[in-house]
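Working notes for the structure below.
Basis for what follows: all heavy atoms, side chains included, without hydrogens, waters or symmetry-related copies. Values in this document were obtained by computation on a predicted structure and should not be read as measured data.
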Amino acid sequence: MLLFSFVRYFFDILSTILTVYMWIIIIKALLSWVNPDPYNQIVRLINDITEPVLNKIRLILPLGTSFAFDFSPVIVILIILIIQFMLNYIEFDYILPLIIR
């Protein structure tokens, strides 16, 4: 039973981390519309957390920054949702049935 609780806790932590990161990306996208002070500590923290991932997605996108709308946050959010779905699938269909036996 302890292993069952540990596995559930582990997957819950992963899901929570991904959800928090998704909300940070949403906040970053909303901040880009209002043009905040770039020297603000919170804005700098959000940029430092999100820009490495967003820049990698921007490099992969075929059109890059030629449009006025940046699709990289949308793509990262979709990737996060797919990862969360896969983690839930793995947890409930593969890992937990092995532990419950």
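For the atom pair CG (Leu18) and CD1 (Ile77), the distance works out to 12.0 Å, reported to the nearest 0.5 Å.
Residues Phe11 and Glu91 approach most closely at CB-OE1, 3.3 Å, considering heavy atoms. Across all non-hydrogen atoms, the minimal contact from Leu31 to Ile46 is CD1-CD1, 3.9 Å. Here the closest heavy-atom approach between residue Pro52 and residue Asn47 is recorded as CD-O, 4.2 Å. Between Tyr21 and Thr50, the closest heavy-atom pair is OH-CA, 3.6 Å. The two residues Pro73 and Asp70 have their closest heavy-atom pair at CD-O, 3.4 Å.
A distance below 6.0 Å separates the ring centres of Tyr94 and Tyr89.
A salt bridge does not link Lys56 with Glu51: every distance from a Lys NZ or Arg NE/NH1/NH2 to an Asp or Glu carboxylate oxygen is 4.0 Å or more.
Considering only heavy atoms from C-beta on, Arg8 comes within 4.5 Å of Leu96 through its side chain. The shortest distance between side-chain heavy atoms of Lys28 and Ile49 does not fall below 4.5 Å. Side-chain contact between Phe10 and Val7 is absent, with no heavy atoms from C-beta onward closer than 4.5 Å. Residues Val43 and Asp37 form no side-chain contact, since every pair of their non-hydrogen atoms from C-beta on lies 4.5 Å or further apart. Contact of the Ile75 side chain with the Leu61 side chain is registered, since non-hydrogen atoms from C-beta on lie closer than 4.5 Å. Counting heavy atoms from C-beta on, the side chains of Ile79 and Ile57 come closer than 4.5 Å.
Linking ILVMFWY side-chain heavy atoms closer than 4.5 Å, directly or via other members, places Val53 and Ile83 in a single hydrophobic cluster. One hydrophobic cluster, built from ILVMFWY side chains closer than 4.5 Å, holds both Trp33 and Leu54. Residues Val20 and Phe85 do not share a hydrophobic cluster, clusters being chains of Ile/Leu/Val/Met/Phe/Trp/Tyr side chains in contact below 4.5 Å.
In this structure, Gln84 contributes its side chain and Ser15 its backbone to a donor-acceptor pair below 3.5 Å.
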